[in-house]
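We count ligands from 1, going down the list as the structure has it; atoms in each ligand are counted the same way. Bear in mind that the values here come from a model prediction, so they are computed numbers and not experimental data.
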Amino acid sequence: MLLFHTLMLSPSSITMPHWFGDNMVLQTNAEYGARAFLVGKAAPSEKVLVKFGEQSIPVIADATTGMFEVQVRPGGNTNLTITVSGESGPPVVAKHVSGGDVFFCSGQSNMVFPLKLAFNATAEASTLIDFPQFRFFMTQRDYAATPQFDLRPPGAKGAACDSNPSGVNSCNAWYTANEATASGLINDFSAVCFMTVRDIAKLHNLGKRPVGLVQSAWGGTRVEAWMSTDAISAAAKRASGIMPPIRTAQNNVSVLYNAMVAPFNKMAVRAALWYQGEANADQKLTNASKAKGGSLTQYYSAYLQEMIASWRDLKGMGDFAFMTMQLPPSCVSGTSSAKQMTTGRMEVRIAEQESAAHSGGRTDISGAAVTIDLGGKSAWGADHPPNKNEMSRRLALQTVHAAYAAQGRIGSGTAEESLWTGPILSSITKGTTADAVGEVLLSFTNWSAAGLTLHDVHAKNIDGTDNSCKLCCAGAAPFEVQVGKNWVMVSMANTLVDAATSTVTLKGASGDVTAVRYAWRDYVECTLINNDSLPLSPFVENIVASAALVTTTAAASAPAVRIIGAGKQMTPPMGFNSWNFYHCNIDEITVRGVIDAIASNGMKEAGYEFVNIDDCWQVERFANNTIQPDPVRFPSGMKALADYAHSKGLKFGVYTARGSRTCQNRPGAYAHEAIDAATYCEWGLDYLKNDNCGGTNWPSENTSWINFQKGFDECYAKTGRYIVKSIEYCRDPTQCGQWIGGVANTWRTVGDVQSTWSSVMGNIHANNKMASVVNNGQAVANGQGNFNDADMLEIGNVGLSFIEQQTMMALWSLAASPLLAGTDIIHASKETISILANAEVTAINQDLGFNGKIQGVLVNSTVAGVEVWAKQLHGGKGVAVVLLNLGDTAAPVTAEWADLGIPAGAKVTVRDLWKKSDAPDATGSLTAMTPAHGTKMFKLTTAAGIHDNGF
Ligand code: GAL
């Protein structure tokens with residue numbers, strides 16, 4: 001009977017992509033993880049309910065496409081059940097879902113290269129026993145002409161799986177570690193993907209954190225196949241207009257992106273691992289392309305970097321780390337140098353290095369592992385060196401640094417400690433004295449170059465035994481200099497490595513040297529390494545007049561700092577805060593992007609000025625106790641960002657916490673307030689958010705606030721720059737209401753806002769209960785603006801409909817809460833900007849209020865399901881009104897003049913602030929049909945003047 005009943009059920013109206021399934025790992029938002037999403041398809045406008053553990057998230061499918069998307073917070077859960085139900089048919093369910101770290105492994109055959117062909121394959125596969133929390137997802141090979149919402153089912157015609165143990169297609173589903181071992185999938189899984197992620201878990205001590213490994217790779221494929229059409233156009237522009245050659249099937253442009261990347265677009269990840277480039281190295285540029293100034297390096301660099309940018313944009317989670325395996329040799333030792341010079345590998349390696357942090361002045365969250373010394377033949381030939389083990393370890397070191405911001409030496413306890421990088425070149429200078437003609441000095445950053453030495457790639461076999469081959473460094477010294485048109489190898493005798501000064505001097509050139517290159521052949525016999533045996537990346541550098549390689553940042557060339565107004569922030573601060581959208585996934589490139597966007601997208605004109613970085617910009621304290629910004633994500637430092645904001649007429653803020661640790665476990669301000677206030681003053685800071693979090697705290701909660709107030713008063717006296725103080729929290733007028741405004745401008749009245757209707761409503765109603773603290777005239781006595789803070793805006797983020805976002809904006813504006821945009825401002829839609837930058841609405845937020853009452857309040861809630869909110873305006877001639885409909889269907893909402901303080905018979909002109917147009921005059925009251933969860937917002941003006949409505 002039960003069976004019969006089940007068969008009778010109509011199919012579910014919901015489709016979830018294949019990656020939504022049992023044992024799935026969702027990227028957690030701890031540390032740098034940013035946000036995770038679930039996407040699905042339903043009928044157009046269908047009501048969908050996502051049950052995520054205890055949480056229920058309602059969402060309405062798009063009216064045209066039926067697509068829906070919710071943001072989820074998996075945290076550290078390990079056994080969640082997720083149920084997605086539509087209006088008909090059974091729900092789609094995923095069980096045993098965990099929050100953890102997800103890695104997306106892509107590229108060509110060396111990424112496909114199975115674990116069973118790597119060194120010590122059996123022993124390596126057996127290490128999985130120590131990582132029972134790993135989950136494997138192998139993606140079926142497939143290509144498509146247009147971007148796909150989902151992968152095709154296992155076994156679909158024309159698609160193929162790289163793992164079919166005992167005839168079972170293992171693709172497009174999650175396997176637990178046990179299942180991967182029992183079925184044999186682990187032997188077929190990408191050696192580099194598995195060993196890199198395993199080494200990350202080991203080196204960074206991820207403990208039992210769940211980890212998802214997604215393999216989406218295809219042998220012999222070219223970078224252009226993995227790129228969206230938009231990314232291709234952008235790349236072609238950067239590459240002197242050179243378009244990819246025409247290919248077919250899986251090598252056609254965009255086809256792998258469409259079938260094997262786009263279905264994962266909304267899957268949040270910790271990092272992507274990329275091992276590709278061999279197929280592009282073979283590319284011979286046409287003479288026409290060369291005539292346009294094109295080179296293979298420029299081509300691959302432009303295409304790879306645009307691919308990275310577009311993968312990041314499309315995920316919408318903020319930046320994730322992008323880690324590249326730089327190409328190892330394809331030739332074998334002893335191959336004639338003529339052949340070695342034409343493989344294209346050297347050019348591709350340089351391009352790959354350009355995508356890495358600390359290279360060419362870039363500061364991106366990315367890295368490239370150098371593998372020039374790891375050539376060799378496997379069962380798949382010399383194009384597929386078998387020592388994936390060491391390659392993976394190096395990529396893991398890079399990833400721990402870039403994706404987890406670990407500094408210095410990586411690994412602890414039983415895990416091996418190593419620097420994450422080989423030597424980093426910092427400058428090249430030419431000898432200037434007559435004696436030193438033909439002499440070149442290469443300098444390396446000290447910390448990267450301890451133990452600098454030349455290394456014979458053949459000195460040891462891979463198993464550690466000595467190898468008698470001594471090719472290096474006699475015939476194959478790694479440096480060459482350019483004199484005139486010729487490249488000349490610098491002999492060993494003329495290559496002087498000095499570990500003490502972290503330099504290499506190249507001598508003996510017969511004339512003026514114009515460029516230097518290193519490791520410029522496919523198979524490199526001799527490398528320059530540091531104490532950790534990690535090699536320097538290949539390079540070609542012209543010697544320019546000013547020798548420093550460190551590219552000057554935009555800040556360095558920006559106009560001088562402009563000191564912005566001496567005001568004491570008498571109106572609610574308006575600007576941006578990184579937390580809601582980026583979480584910890586924030587860096588200086590993004591912050592500069594936000595500054596540029598606000599300065600040019602209409603927000604600045606509408607009053608937005610602060611660009612504030614929330615938690616995670618800080619990593620440690622220096623020996624002198626000053627705070628250390630994350631050197632990977634903010635290598636130019638915070639002053640440079642403040643200067644940049646100021647150069648655009650904007651202001652700059654950061655976050656700290658009053659305890660010894662911030663909420664993301666970064667160093668807090670406890671007992672360092674004076675030194676931090678001085679540092680912030682020196683940077684030119686305009687805004688400090690002082691959170692309430694963990695670690696050691698002062699016995700009384702306001703010590704931190706008092707200390708900062710003191711430090712900032714000194715700064716103000718010295719520089720005339722006022723620093724806004726935003727604190728967490730004051731939630732009870734009787735507890736802190738009497739004095740809070742003396743030590744802060746704005747304080748959180750309620751917990752963290754989420755991008756959901758219930759959270760937005762909860763926050764604004766709780767905030768309303770605090771209105772008396774702001775409206776009792778204290779601000780004047782305190783000599784600085786005072787505002788209740790209902791938390792940052794979620795406008796532009798997944799989770800709220802357009803109408804709900806308008807409602808948030810209307811109520812936050814009316815309530816004089818700080819307006820801090822918390823979305824991806826760089827890529828904000830027209831709709832998002834239309835809400836945020838409606839200057840008629842923001843003017844209500846900034847209005848000082850009638851009789852000093854800056855915070856508008858709820859004035860009438862007598863009719864069930866609807867509310868009237870009002871703010872009497874400065875000057876006594878106007879009132880701003882928000883009519884709010886809490887219900888699920890449209891309803892009329894009426895504001896009575898009595899609640900607004902407008903005289904009964906007064907003639908009132910009406911301005912519709914969302915429509916930005918005048919509405920008919922009104923008398924006695926104003927009624928408007930208001931959409932479900934929506935608002936109507938009006939400014940009412942009367943020449944008769946208003947009286948205090950007593951709220
Ligand atoms: C929370 C705070 C959030 C955000 C976060 C960063 O306590 O309320 O707004 O700053 O910490 O860790």
For [atom], the protein heavy atom that lies nearest, with its residue and separation:
atom	result
atom 7 (O) of ligand 1	D691 OD2, 2.8 Å
atom 8 (O) of ligand 1	D752 OD1, 2.5 Å
atom 5 (C) of ligand 1	W579 CE2, 3.7 Å

Should one rank L820, N692, V753, D614 by closest heavy-atom distance to atom 4 (C) of ligand 1, which comes out on top?
->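 Comparing heavy atoms across L820, N692, V753, D614, the nearest one to atom 4 (C) of ligand 1 lies in D614.
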
Does a side-chain N-to-carboxylate-O contact under 4.0 Å join K710 and E714?
->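 E714 and K710: salt-bridged.
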
Does a side-chain heavy-atom distance below 4.5 Å link F576 with M792?
->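 No. Closest side-chain heavy atoms not under 4.5 Å.
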
For [X], counting its heavy atoms only, list the atoms of ligand 1 lying under 4.0 Å from any of them.
X	value
Y655	6 (C), 10 (O), 11 (O), 12 (O)
D615	6 (C), 12 (O)
K689	3 (C), 4 (C), 9 (O), 10 (O)
R748	8 (O), 9 (O)

Without hydrogens or angle criteria, can the side chains of H646 and D643 be said to hold a donor-acceptor pair below 3.5 Å?
->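 The criterion, which ignores hydrogens and geometry beyond distance, is not satisfied for D643 and H646.
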
Scan side-chain atoms only and decide if K725 and Q784 contain a donor-acceptor pair under the 3.5 Å cut-off.
->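 Yes, because at least one side-chain N or O of K725 sits under 3.5 Å from a partner of the opposite role on Q784.
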
4.0 Å heavy-atom contact, T662 with ligand 1 |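 It does not; every heavy atom stays at 4.0 Å or beyond.
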
May I ask whether H583 has any heavy atom positioned less than 4.0 angstrom from an atom of ligand 1?
->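 No; H583 lies far enough from ligand 1 that no heavy-atom distance drops under 4.0 Å.
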
Does K568 make a cation-pi contact with Y716 (under 6.0 Å, within 45 degrees of the axis)?
->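 The answer is yes; both the distance and angle limits are met.
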
May I ask you to check if R270 and F320 form a cation-pi contact, with NZ or CZ under 6.0 angstrom from the six-membered ring centre and within 45° of the axis?
-> no

Considering all heavy atoms of both residues, which atom of N625 and which atom of H672 are nearest to each other, and what is their separation?
->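 Nearest pair, atom of N625 first, then H672: OD1-NE2, 3.7 Å.
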
So, is E728 polar-close to ligand 1, with some N/O to N/O distance under 3.5 Å?
-> yes

